[in-house]
Structure formats: structure tokens, C-alpha cells
Protein chains: 2
Amino acid sequence: MAKTSKKQTYRIRGRIWIESNNEAFLGSGRVELLEKVKEYGSISKAAKAMKMSYRQAWELIDSMNSKAKNPLVIKQSGGKNGGGASITEAGEEAISTFKNLREEMFQFLEMKNKNLKV
Amino acid sequence: MAKTSKKQTYRIRGRIWIESNNEAFLGSGRVELLEKVKEYGSISKAAKAMKMSYRQAWELIDSMNSKAKNPLVIKQSGGKNGGGASITEAGEEAISTFKNLREEMFQFLEMKNKNLKV
DNA sequence: TAGCGTTATTCTTTTAAAGGAATAACGATG
DNA sequence: CATCGTTATTCCTTTAAAAGAATAACGCTA
């Protein structure tokens, strides 16, 4: 069999996140979770929508709340409909801050990809 | 005990890498490994210097070589001093391409960190 | 005060990644 | 042709992360 040449496609990729005291604070997954909590008003439903265990979702939110100056998510256990969760103003700001940042990174990567040598 | 307020330091962090056909090709660890191979002329010594198992180092180099247009590392098993490994011109270029890219990302992050809101 | 669906928490199991050990293969060299 | 230190490869163990199960706690509501 003859040696075949394969055309390879090279691409620069990147990931960005925000730390608080050198620990994970905000990343893509966490921000997506915040958006789902906003959409559903519930941690358990948000977790289900992301095919994530409730425990992990709870832990992520607990981590974010403890690291933010003000909580990003307000939770209520018990009460009407069993309770629920909602996003604070600080939570809204966290979402937009991170998404803007990520978008700028994508633009940076796109530019660098254009003149990537191998 | 009174409630104490903790001053938190927030920081944007990022990571960058190059893929070939959507698979890892070049990242910080791989490039550092290339540099060590260049320095020591040996995969096993490079691995030891990075406190990495020889197997992992070998696999990383095998992966890079198979994904690059031309091999980044030339290996010889057996022979003088048992053999060894060295960096090709393509390997040198891969190192500098990636390190330049990463440096530009750091500058990007530094700029974004300066006007980071929370 | 029983029922509901949520949040909150612990424990166990499962799965995946990393690490380590062992050994074969290699080729120049004396 | 035995020795050497490397590359090459397989197998097993260990470790860490993720997943899942189970249950308590909560507070409104009827």
C-alpha cells in the first residue's frame, strides 16, 4: 500500500477562568450553571438540564457563593414548591463579566489562528 | 467571634494549546518536554528532570511526532551510549511558535486583569 | 400535621487517569 | 559476543475524580 499523505488541520484553542485566592471561581461550566439556575429557578433542575449530578451543582454554587464578595445565588430550602434558587444582581454581573471576557479571548484566538504557522 | 471580612484577590487565568484534528498537539507540558529533550539529548533524562514517568514522556513525544507534518524529535534506540533523542528543526520551530503564542496570551490576560471588575 | 419538592449532606460505588514495575529490543563498542 | 544505557511496550497497582444512592432538613400549603 502506498504511503498516503494526510492533510492536518491545526487550530489554537484556549480556556479562560477567574480565580479567587488562586482557587477556581468562575469558568465556562460554572457560568453555564448560573444561567441554568436563572432559567429554571432551581439547582436540581439546572443540574438535570446539564446532565450533572445535583451534588456537583450544589458544590459549584457553594464554591462560587463563598468566593464572591456577595452571593451569586440565593437558595431556599423548603417553602413554596419545596424551595428553589435564583440569581442575584451580583450573579448577573458575574455571568456577563465572564462571557464578555471569553468572547474577547475567542477573538484573540481567531486572530492568532489566522497567521498560525503549523 | 466577630465576623471578619476577607480581602479577596481575583485574577484571570488562561491556558492555550494547539490541536491537530481536534486532538492535543502542543501545550505547555509538551513544549517543556521538548526543551528538556533538547537539553539532555535523551527522553529518559528529560522525563526524570520533569519528574515524569518515562512512559508518559515517550507517549507525549510519540503523539507529537505523529501529528506534526515532520517529526519534532528524532529517536535512536541502541548504539552509542544506548541511543538518545534530539530535536529537529521542526521541533525548534514548534517550541518557539508555541512560546510566542503563550507569551502573547499572557499579555492579553495581563491587560484584561487590569480592568477586571470583581 | 401530613405532603410536597426543593436544598443539604453523607456514604458507598464506579470509573478513569496516573504511576510503577518489569522486560524486550536496539545497536555501537570493547 | 557480552555490556551498556537508551528506546519501546506491556501489565498491574495505585490514586483521584466522578457518579450514584440514600436520607435528613426545610418551610409553605392544604
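Please read all numbers here as calculations on a predicted model, not as lab measurements. The sequence lines fix the lettering, A, B, ..., with proteins before strands; numbering per chain opens at 1.
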Chi angles and distances behind the salt bridge (charged side-chain N to carboxylate O under 4.0 Å, His left out) call for B:K117, A:E93 | CA-CA 9 Å; B:K117 289 289 199 173; A:E93 287 166 8; over 6 Å; no

For B:K80 and C:dT29, is the shortest distance between a side-chain N/O and OP1 or OP2 below 4.0 Å?
-> no

Quick one: pull up CD in B:E35 and CZ in B:F98 and give me the separation to the nearest 0.5 Å.
-> 10.0 Å

Check ion pair A:K45-A:E39 (N to O, under 4.0 angstrom) | no

In terms of heavy-atom contacts, does CZ of B:R11 have more than 12 from other residues, nucleotides or ligands at under 6.0 Å?
-> no

Residue mapping more 5' on DNA chain C - nearest nucleotide basis, A:K75 or A:N81 = A:N81

Of all of residues 40-62 of chain B, which get a heavy atom below 4.0 angstrom from DNA chain D, listed by number?
-> B:S42, B:I43, B:S44, B:K45, B:Y54, B:R55, B:W58

Show the distances under 3.5 angstrom between N or O atoms of the protein and N or O atoms of nucleotides 1-3 of chain C.
none

Parallel, tilted or perpendicular: ring planes of B:Y10 versus A:F25, cut at 30 and 60 degrees | tilted

Nearest to the side chain of B:Q76 - C:dT7, D:dT7, C:dG27?
-> C:dG27

Give a yes or no on whether a salt bridge exists between B:E19 and A:R13, defined as a side-chain N under 4.0 angstrom from a carboxylate O.
-> yes

Can B:K48 and B:S44 be counted as having a side-chain donor-acceptor contact under 3.5 angstrom?
-> no

B:R102 and B:S28 side chains, donor-acceptor separation under 3.5 Å | yes

